[in-house]
Amino acid sequence: MPRTLWDSSVGKKTVMAVSGVIMLLYLVAHMIGNLKIYFGADEFNRYGHWLRTVGEPFMHYEWTLWLIRVVLVVAVVAHAVSAYQLSRRDIRARPNKYVHKKPRASYATRTMRWGGIILGLFIVWHVLDLTTGTVHSGGFQEGHPYQNVVDTFSTWYGNVIYIVAMLAVGLHIRHGFWSAAQTLGVGGRTRDRVLKTVANALALLLTAGFIAVPVGVMTGVVS
Ligand code: HEM
């Protein structure tokens, strides 16, 4: 991207929108994939195995998975760096320093900022929990994601961490989707209303779909 575009606010917002859409597509696929847990251990574990062999024989074992990981890491970093720089720019752009105390950022800005930080921390926890097993509660078994997921949601803190994160995901997407649509120049009053409805529906569907997994384990439907 030309330097001047990256230096502009619109450029940074575009980076946020595009990286956000990439992560959103990943989340939709991940949520749908997770729901396969309701079809039993065999099917879910087979799906986990497929994630590592997809693209074969052209791709080597885990190459596609690593490609996705690299794209996601680039998207997360680009998203976080532009968010940070945009918020610094916001502060610098104020004409004078506030004499008393700083006024609070708007509700949406605060939710996005804190939601983003919570999600960043959650992703680190989540990878250490279900991919590497480093902080996993039971005896982590490589190649048996079904049992690992059941273990995670058999502890109270596992449920709390994931459910709080899922609610943060919903709020973040609700506002983020809407902002992205504005940055990318979709406009008009009717279209705005449609976009807001789409943003709400998407956020609700994703949150409910993700939360269905811990709920399944807590109620004993998945065990
Ligand atoms: C109830 C909710 C969730 C469950 C049960 C869940 C489950 C899992 C499982 C089992 C894996 C490992 C798959 C494998 O190695 O075969 C995984 C990987 C992953 N999850 Fe989730 N997930 C949930 C929510 C989320 C959310 C909300 C995000 C992002 C904000 C997320 C991001 C990821 C990422 C990036 C990986 C890939 C890690 C890697 O292999 O490099 N997950 N998830």
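In each ligand, atom 1 is the first atom listed, and ligand 1 is the first ligand listed.
Nearest heavy atom pair, residue Leu206 against residue Leu27, reads CD2-O, 3.7 Å. Smallest separation of non-hydrogen atoms from Ser137 and Asp151: OG-O, 3.3 Å. The heavy-atom pair separating Ile37 from Val222 by the smallest distance is CG1-CG1, 3.9 Å. Considering every non-hydrogen atom in both Met31 and Leu205, the closest pair reads CE-O, 3.8 Å.
Trp178 CH2 to Lys196 NZ: the interatomic distance, rounded to the nearest 0.5 Å, is 4.5 Å. The line from CD of Glu56 to CH2 of Trp50 is 12.0 Å long, rounded to the nearest 0.5 Å.
Proximity of Arg52 to ligand 1 is established by a heavy-atom distance of less than 4.0 Å. Ligand 1 has Tyr26 within reach: a non-hydrogen atom of the residue lies less than 4.0 Å from it. The shortest heavy-atom distance from His49 to ligand 1 is not under 4.0 Å. Contact analysis leaves Leu119 out of contact with ligand 1, as no non-hydrogen atom separation drops below 4.0 angstrom. Put simply, part of Pro214 is less than 4.0 Å from ligand 1, judged by heavy atoms.
Not a single protein heavy atom sits closer than 4.0 Å to atom 13 (C) of ligand 1.
Within the 4.0 Å heavy-atom criterion, neither part of Tyr146 lies near ligand 1. Proximity of Leu27 to ligand 1, defined as any heavy-atom pair under 4.0 Å, is confined to the side chain (atoms from C-beta onward). Neither the backbone nor the side chain of Met31 has any atom closer than 4.0 Å to an atom of ligand 1 (non-hydrogen atoms only).
The atoms of ligand 1 that sit less than 4.0 Å from any heavy atom of Val213 are 5 (C). Within the listing of ligand 1, atoms 1 (C), 5 (C) sit less than 4.0 angstrom from a heavy atom of Phe153.
Between His126 and His30, the ring planes lie tilted relative to each other; the angle falls in the 30° to 60° range.
Inclusion of Tyr162 in the set of residues having an N or O under 3.5 Å from an N or O of ligand 1 is not warranted.
By the 4.5 Å heavy-atom criterion applied to side chains, Tyr162 and Ile211 are not counted as neighbours.
Partners of His136 by ring pair (Phe, Tyr, Trp, His ring centres under 6.0 Å), not counting sequence neighbours, listed by chain and number: Phe140. Applying the ring pair (Phe, Tyr, Trp, His ring centres under 6.0 Å) test to Tyr84 and every residue at least two apart in sequence or in another chain returns nothing.
Because its NZ or CZ atom is not both nearer than 6.0 Å to the ring centre of Phe44 and within 45° of the ring axis, Lys36 does not count as a cation-pi partner of that residue.
Atom 10 (C) of ligand 1 has its closest protein heavy atom at Val149 CG2, 3.6 Å. Of the protein's non-hydrogen atoms, the one nearest atom 38 (C) of ligand 1 is Thr131 OG1, 3.3 Å. What sits closest to atom 2 (C) of ligand 1 on the protein, heavy atoms only, is Phe210 CD2, 3.6 Å. In terms of protein heavy atoms, atom 41 (O) of ligand 1 is closest to Arg69 NE, 2.6 Å. With hydrogens left out, the protein atom closest to atom 26 (C) of ligand 1 is Phe122 CE2, 3.6 Å, a heavy atom.
Around atom OH of Tyr38, more than 12 heavy atoms belonging to other residues, nucleotides or ligands sit under 6.0 Å away.
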Do any side-chain atoms of residues 116-125 form donor-acceptor pairs under 3.5 angstrom with protein atoms, and if so which ones, sequence neighbours left out?
none

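A donor-acceptor pair is defined here as one N or O able to donate and one able to accept, closer than 3.5 Å; no such pair exists between the side chain of His79 and the backbone of Ser19.
Here 2 is the count of protein N, O or S atoms positioned under 2.8 Å from atom 21 (Fe) of ligand 1, waters not counted.
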